[in-house]
**Q** 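I am attaching a structure below and will ask some questions about it afterwards.
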Number of protein chains: 2
Amino acid sequence: MPINDFNSHPLSWYPNKERLNRPLYKSLLHELKAAIEDGSLLPGTMLPPQRELADYLDVNFTTITRVYKLSAQLGLTYGITGKGTYVSPSGIDPLTINTSPQHLIDLGFIASYEQTNYLLDKTLRKVASLGASQLLTYASPTGRDIDKAAFRQYLTWLGHPLLPEQNVLVTAGGENSLSLLLNVIFSPGDLIAVDEFTYSNFIATAKLNGVRLIAIKNDEQGMIPAELERICKLNNINGLYIIPEYNNPTGRILDSHRRQEIAQIAKHHQLKIIEDDYLSFLSKANPARPPKIFQLLPQQTFYVCSMSKVITSGLRVAYLAYPKSMGRQVENGFFNTTVKTSTLNTAIATNAIQSGVAKKIIQEKINYAQKMNSIFNHVFPFAPTNELTNNVFFRRLPLKNSRKSGKDIEKELLSRHLRCFHSQRFSVAATTNESFLRVSLSATNSRDELLAGLKKLREYLGEKKLI
Amino acid sequence: MPINDFNSHPLSWYPNKERLNRPLYKSLLHELKAAIEDGSLLPGTMLPPQRELADYLDVNFTTITRVYKLSAQLGLTYGITGKGTYVSPSGIDPLTINTSPQHLIDLGFIASYEQTNYLLDKTLRKVASLGASQLLTYASPTGRDIDKAAFRQYLTWLGHPLLPEQNVLVTAGGENSLSLLLNVIFSPGDLIAVDEFTYSNFIATAKLNGVRLIAIKNDEQGMIPAELERICKLNNINGLYIIPEYNNPTGRILDSHRRQEIAQIAKHHQLKIIEDDYLSFLSKANPARPPKIFQLLPQQTFYVCSMSKVITSGLRVAYLAYPKSMGRQVENGFFNTTVKTSTLNTAIATNAIQSGVAKKIIQEKINYAQKMNSIFNHVFPFAPTNELTNNVFFRRLPLKNSRKSGKDIEKELLSRHLRCFHSQRFSVAATTNESFLRVSLSATNSRDELLAGLKKLREYLGEKKLI
DNA sequence: TTATTTGTAGGTTGACATTTG
DNA sequence: GCAAATGTCAACCTACAAATA
């Protein structure tokens, strides 16, 4: 029988005792899910401590442990030892950021200045005329030698050549690579360390694969190595997902020293590193020339290099470089999930790289980005910047602390026909002392549209006293 | 302390007591994995009963339960209540069937008569000349309306039109679709019913996703509905993977009555059905015109229709039809794992369907298949057949019971420069009273090569008294 | 600093279902 | 048809680790 007086310590959640049936944990999980879904338990709410809820329901407290654990696996809640269990910031909302279907000014999606696509016309015609139909077979599932050579050529041009002990696989895009790695080199239940703000589609894909993420604190220079070390000592961490250059959504860039420290820690704790270099071509703009992580720790790094921002998003081609020792696992996994990337698309990428078309595209994309950044700087002169932010595809706009949730802010913006994403959408941790908007500079159709969108955004933020 | 005399009841596995450390279950799992990997525990071996092993190790028997459960999740073993725990037939060997890299006659891989690819030359040039570069954007991630219409047109031509309550998604191939579904509509630990012999890449992908498969007994007409019903009553089954036409590897075709029974059972037990129709165009050859499962149970069926065998394997395009109610889940999942299928490839498929090129390709592929089947019938006149096997891409060759394992037979064939797969590779159950080879008729480069390969195969089988 | 609160993990208990002889 | 063997599952117990006041 319960002993305490529950009126004196009200619980944040009173599951309906009468609706409970056996097995208890399933029934309770169902109730919890329903409460979060119907909004009676809001994101951020602290759930009752396991022992108190158990006492109230007259069950053993580890039965509640089980319920909380399963709901954490579903991404509904998260627990911190010593502190409590909380409803997740994202709750049950899908995190996925997709192209916008509605009629609105899009400051949300990060596209890639597809106005440059016309530069591919010749390449397309060339590939089509050279008997491309003969390429359309099951042959060379990891890519042809010529395709892998083109990728090595591209990286050498960037100043970061691949090493002989790294294999290359041509994948069907960056997301396809990330999804493959989460599926193949990690198992459900594994723990991967990530930045406290990280690519939301990675969070979503990790969830799909039952892989748990753990946030590593950042400062202005990005992931703090000491924090990574601390978390590794405390937990059995299996991997590290990191975007060393232009982290999405913070835009931060790791300097050479941090990369070395992080590689050292990863080596010591045997973390499998996913290095996501979606804006690889901007490396050339960084005068410090920090090494890529794959150069520091090739035997543990899976380097994902998408061509979406280098050539064109619509081709769906990326390259994955991985340790030779992982060959069979990665290649079989790729065959199971995708079979191969169409050689038609791969051949276009290869051709664009080898002919120099890719370089032209890159230059033109950088021009666009620079123009869009100067518009942004004009509207938000106080926004954080560094010497490398003049050509990136999105910017960060810090918000003053407010009680408004990220979801509410996004909703209010939508009602003004603006789409823009709040930092909460990119967060795996609860303890976010930072709060900002990620403003995409690459999804609007024109400079005028961008300017109009940014002005509307500034108006809104001013009205609500968020800046 | 152990009480029994262990010499009288030898265990099939004696884990090294000294190497054990805490946590026990992890340590034991590691030992078990190692024993299976190094071959000291062979596929089919019955592991010690949980209570006996626990007694020997002086631990609680549910600690062993935990070890066996985890190893089952890894696909290393499987347990049957009342019977025992056994090492899986496939063990740790990769099941993946890939294109063959070596110089050998390939009777293993199922390709698609890519000699017909020349028929696509015009289509390719047409798409490339019509400003295809403008297609290369992030737009229309599920496919353009015109692409979905082309798929509906194709199915209508087959005589199995889609229903309005079914959404369509253009995916990057059949495997991409299956992998997506296993990732998105199922969760790790879920149970899916499959034929006792089923597509080996599906088995491998299920393993990658932590989804468990349970075998349903077959007779010559395919899956036995009563068996499905029995298994559903005994277990909490979440889904059903089925290839109603030309099951891979048995070649069996479900008749109309069975399809209805199966749909009925699936409805009653709320199974999510994956209907894999990789040889969809052969439907037209079946005079009985049985309905597709998606027509019988559209609200629960995910219909996977690959274009690899219809147009060309190298295009990497398939269509997925799914219940509208699952829209958000499927579409977001697709965006997370693949983003989109390149509109370049999709446009080629659309064009091939709308222009009639696809029909020409189909006719030519059927011609090839018929020729290859007649060669097979000539070499193996006693092989099982039915009125619909004259145009399929592979055949089944039953073997006499022998003590040789499937793996050994495959190895011996390889040493004779022949690649061919044994039924064990396609089996999820242990209790395989059937034993056969799946002989591909679609991977050799010429009729002469096929004939030579089949003769060598017959020679080998005769020598070893396997037929 | 230390005690308290809170979550996590490993292992145990007991009930139960299926298979087999 | 029943008893023994065997695997599975839910719930409980105990020890411990982190956060906080």
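Not measured: the values here are computed from a predicted model.
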**Q** Going by atom types only, do A:T198 and A:D195 share a side-chain donor-acceptor pair under 3.5 Å?
**A** no
**Q** Please report the distance, rounded to the nearest Å, between CD in B:Q50 and P in C:dA17.
**A** 17 Å
**Q** Please list, chain by chain and in numerical order, all residues satisfying salt bridge (Lys or Arg N to Asp or Glu O under 4.0 Å) with B:E31, sequence neighbours excluded.
**A** B:R19
**Q** What pair of heavy atoms forms the shortest contact from A:S12 to A:L47, and how long is it?
**A** OG-CA, 3.5 Å
**Q** Of the options D:dA15, D:dC12, C:dT13, whose atoms approach the side-chain atoms of A:T63 most closely?
**A** D:dC12
**Q** For nucleotides 18-21 of chain D, give me every protein contact, N/O to N/O, under 3.5 Å, one pair per line with atom names.
**A**
residue	atom	partner	partner atom	Å
D:dA19	O4'	A:T81	O	3.3

**Q** Measure CD1/B:I214 against P/C:dT18 and give the value in whole Å, please.
**A** 12 Å
**Q** Tell me the interatomic distance from A:K26, atom NZ, to D:dT8, atom C1', rounded to whole angstroms.
**A** 12 Å
**Q** Closest to the A:E52 side chain: D:dA11, D:dT14, C:dT6?
**A** C:dT6
**Q** A:P23 side chain: which of C:dA15, C:dG11, D:dA10 is closest?
**A** D:dA10
**Q** Using the salt bridge (Lys or Arg N to Asp or Glu O under 4.0 Å) rule, take B:D38 and B:K33 through it: C-alpha gap first, then chi angles, then the decisive distance, then the call.
**A** CA-CA 9 Å; B:D38 73 15; B:K33 212 172 150 186; over 6 Å; no
**Q** With nearest nucleotides of DNA chain D determined for B:M46 and B:R212 from heavy-atom distances, which residue corresponds to the more 5′ nucleotide?
**A** B:M46
**Q** Between D:dA11, D:dT6, C:dT12, spot the one nearest the side chain of B:N60, thanks.
**A** C:dT12
**Q** Main chain of A:G406, side chain of A:Q424: is a donor-acceptor contact present, judged purely on distance under 3.5 Å?
**A** yes
**Q** For B:R66 and for B:F61, find the nucleotide of DNA chain C with the closest heavy atom, then tell me which residue's nucleotide is more 5'.
**A** B:R66
**Q** Between B:R51 and D:dA5, is there a contact of a side-chain N or O with OP1 or OP2 at under 4.0 Å?
**A** no
**Q** Under 6.0 Å between ring centres: does that hold for A:F197 and A:F436?
**A** yes
**Q** Side chains of A:H268 and A:E229: donor-acceptor distance under 3.5 Å anywhere?
**A** no
**Q** Can you tell me the distance, in whole Å, between the CG atom of B:D55 and the P atom of C:dT12?
**A** 13 Å
**Q** Within the 4.0 Å heavy-atom criterion, would you say B:Y25 contacts the bases, only the backbone, or no part of the nucleic acid?
**A** sugar-phosphate
**Q** Between A:T85 and C:dG7, is there a contact of a side-chain N or O with OP1 or OP2 at under 4.0 Å?
**A** yes
